[in-house]
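Reading through the structure tokens given below for one structure.
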Protein chains: 2
Amino acid sequence: MKTTQNIDVTVDAIVFGYNKEIGVTVLLIKRKNDPFKGQWALPGGFVEPTESLELAVARELKEETGVKINYLEQLYTFGQPDRDPRKRIISVAYFGIVKSSQFKKLKAADDAEDAEWFKIKHLPALAFDHQKILKMAIDRLRSKMIYQPIGFELLDKKFPFSDLEHLYSTLLGRPIDRRNFRKKVMGLGILEELDEKAPSLGAGRPGNLFQFNKATYNQLVKEGMHFEI
Amino acid sequence: MKTTQNIDVTVDAIVFGYNKEIGVTVLLIKRKNDPFKGQWALPGGFVEPTESLELAVARELKEETGVKINYLEQLYTFGQPDRDPRKRIISVAYFGIVKSSQFKKLKAADDAEDAEWFKIKHLPALAFDHQKILKMAIDRLRSKMIYQPIGFELLDKKFPFSDLEHLYSTLLGRPIDRRNFRKKVMGLGILEELDEKAPSLGAGRPGNLFQFNKATYNQLVKEGMHFEI
DNA sequence: ATATTTTGTGTTGTTTTCACGCAATAAAGG
DNA sequence: CCTTTATTGCGTGAAAACAACACAAAATAT
């Protein structure tokens with residue numbers, strides 16, 4: 001066995017949020033230190049020798065931005081020898097989602113001079129190879145939401161149906177037929193309709209509230225259901 | 001920035017092969033050194049400080065088994081703190097496929113005392129967390145082959161249609177309707193029918209040979225084709 | 001009260017998938 | 001050579017999924 005390899009390991013987080021007015025956003029931090037000091041980058045940092053990768057992501061996110069993650073999965077590992085100017089660093093990227101409700105609450109801290117949500121349509125220049133990582137994450141989000149109900153993770157716990165509609169419509173980049181969409185989604189049997197109306201915002205008839213039933217979804221998946229929108 | 005983290009990075013390879021008589025197989029090596037000396041394990045090893053992860057996989061596979069990989073993609077990164085008894089080691093697992101034709105040629109060498117193909121239905125006990133890694137790879141193979149033509153990578157360059165049929169039937173674990181399957185696959189327009197017949201094995205009418213056209217496939221994907229079996 | 005905005009629902013024609021049967025081809029065996 | 005046997009290769013009808021489409025009901029704003 002080798003004595004030392006001298007490769008360092010970091011985690012990076014691509015965290016998505018959503019809001020009907022703003023659209024889909026991603027969480028970025030402004031770097032406080034070199035290299036790329038002052039530039040925007042994905043939140044993340046070095047893995048401690050005794051913590052799991054997932055724990056490292058959660059810790060870094062809390063330290064740097066204060067957000068609470070609702071969904072987390074591994075995205076990809078980036079290991080090109082020259083991706084960091086300092087030394088060989090391998091980064092395990094994680095893909096995260098926060099609920100709509102608390103997607104604004106941010107508090108920059110630690111390594112971060114600032115933390116902000118950026119619309120995925122208007123992104124600043126990023127440090128390292130984070131542009132590439134982020135692009136992969138966005139692709140994953142887009143392709144994943146048509147065969148897995150991660151769309152619901154972006155919304156609030158209770159939401160009017162139109163929110164779901166808008167989310168899918170914006171993220172897929174095309175208009176969707178309200179009636180067919182509703183038929184399909186309701187047919188999956190993973191949404192519960194509540195006896196509660198959405199608070200009205202301006203004019204128009206307020207819609208009923210719905211909520212995603214994750215337990216039912218997991219059950220159906222285990223039985224071999226094939227989800228697709 | 002930290003001085004040293006003392007986490008090591010390895011790559012592991014899950015390489016699949018296929019043969020009509022034997023079925024789907026995976027390449028394993030018998031470890032020559034501790035820990036887990038004498039046990040079967042996934043081929044792999046430490047990443048050199050200056051080589052890319054993909055290069056490390058290719059090098060280790062050549063060193064330990066001599067196989068030539070036809071398709072390679074990253075699977076997942078395993079980083080539980082206790083997954084190696086020696087020290088903290090993070091492993092980036094890669095998923096590979098060799099063509100049916102040369103799936104037997106093996107030469108154990110380097111760190112490996114032996115190298116062999118095992119049917120995925122009959123696996124030995126494995127070192128480290130390789131059981132878990134392999135399970136994930138098999139799941140990925142199964143789920144991936146229905147929306148990406150990686151099945152073709154397992155077959156020979158030229159193959160009779162029935163081979164493809166058998167492959168899908170065994171891997172999906174259910175019988176498939178030959179007529180509908182043929183219609184669907186041919187409808188994708190990524191298979192070329194050759195003016196050549198398969199060598200007859202035993203009785204029965206020999207089938208025509210086909211070959212996968214990867215260029216056409218890539219073209220179609222770029223145009224937004226949605227492949228599904 | 002009237003205008004405006006947003007929700008909620010049903011039908012029909014079209015396309016895709018699935019299930020299924022039979023004739024044609026070629027090798028093997030007598 | 002001729003029969004037997006195994007395997008290929010094609011077509012059709014029934015069922016299911018999908019896409020297109022319009023209007024009444026509920027609530028707010030003026």
Review point. Less than 6.0 Å separating the ring centroids of B:F212 and B:F159?
Key: no
Check your understanding: Under the side-chain hydrogen bond (donor to acceptor under 3.5 Å, both in side chains) rule, what pairs show up with a residue in residues 143-163 of chain A, not counting sequence neighbours?
Key -> A:K20-A:D163, A:E73-A:K144, A:S101-A:D156, A:E153-A:K214, A:K158-A:E196
Point to revise | salt bridge (charged side-chain N to carboxylate O under 4.0 Å, His left out) involving A:D139 - partner list, sequence neighbours excluded | key: A:K135
Point to revise | base_contact_polar (C:dT6 base, A:R205 side chain, donor-acceptor, <3.5 Å) | key: no
Point to revise | Atom pair NZ/CG of B:K121 and B:L123 - distance to nearest 0.5 Å | key: 10.0 Å
Exercise for review: Measure the distance from CD1 on B:I176 to P on C:dC20 and round it to the nearest whole Å.
Suggested key: 16 Å
**Study point:** Euclidean distance, A:L141 CG relative to A:Y18 OH, rounded to 0.5 Å
**Key:** 11.5 Å
Point to revise | Spatial distance of atom CG (A:D129) from atom CZ (A:F78) [nearest 0.5 Å] | key: 6.5 Å
**Study point:** Between C1' of D:dA17 and NE2 of B:H226, the distance in whole Å
**Key:** 14 Å
Point to revise | Atom-to-atom span, CG of B:N208 to P of C:dA26 - whole angstrom | key: 10 Å
**Study point:** Residues which pass side chain to side chain contact (heavy atoms under 4.5 Å, CB included) with A:R31, listed by chain and number, not counting sequence neighbours
**Key:** A:P35, A:F36, A:A41, A:A127, A:F128
Point to revise | Step-by-step side-chain hydrogen bond (donor to acceptor under 3.5 Å, both in side chains) determination, B:S100 to B:N19 | key: CA-CA 6 Å; B:S100 174; B:N19 178 287; 4.9 Å; no
Practice item. Mind telling me whether B:F181 and B:Y168 have parallel, tilted or perpendicular rings, with 30° and 60° as the class edges? Key: tilted
Review point. To the nearest Å, how far apart are B:F210 CZ and D:dT8 P?
Key: 10 Å
Point to revise | Nearest-0.5 Å distance, CE of residue B:M225 to OH of residue B:Y217 | key: 5.5 Å
Exercise for review: Take the protein atom CZ of A:F181 and the nucleotide atom P of D:dA20, then report the distance between them rounded to whole Å.
Suggested key: 16 Å
Exercise for review: Check the surroundings of atom NZ in A:K62: do more than 12 heavy atoms from other residues, nucleotides or ligands lie under 6.0 Å from it?
Suggested key: no
**Study point:** Five-pair end axes of the helix from C:dA1-D:dT30 to C:dG30-D:dC1 and the angle they enclose, rounded to 10°
**Key:** 10°
Practice item. Summarise how protein sits on nucleotides 9-16 of chain C as a single string, 5' to 3': B when a protein heavy atom is under 4.0 Å from the base, S for sugar-phosphate-only contact, - for no contact. Key: BBB-----
Exercise for review: Could you identify which residues of residues 150-170 of chain A place a heavy atom less than 4.0 Å from some atom of DNA chain D, listed by residue number, or say none?
Suggested key: none
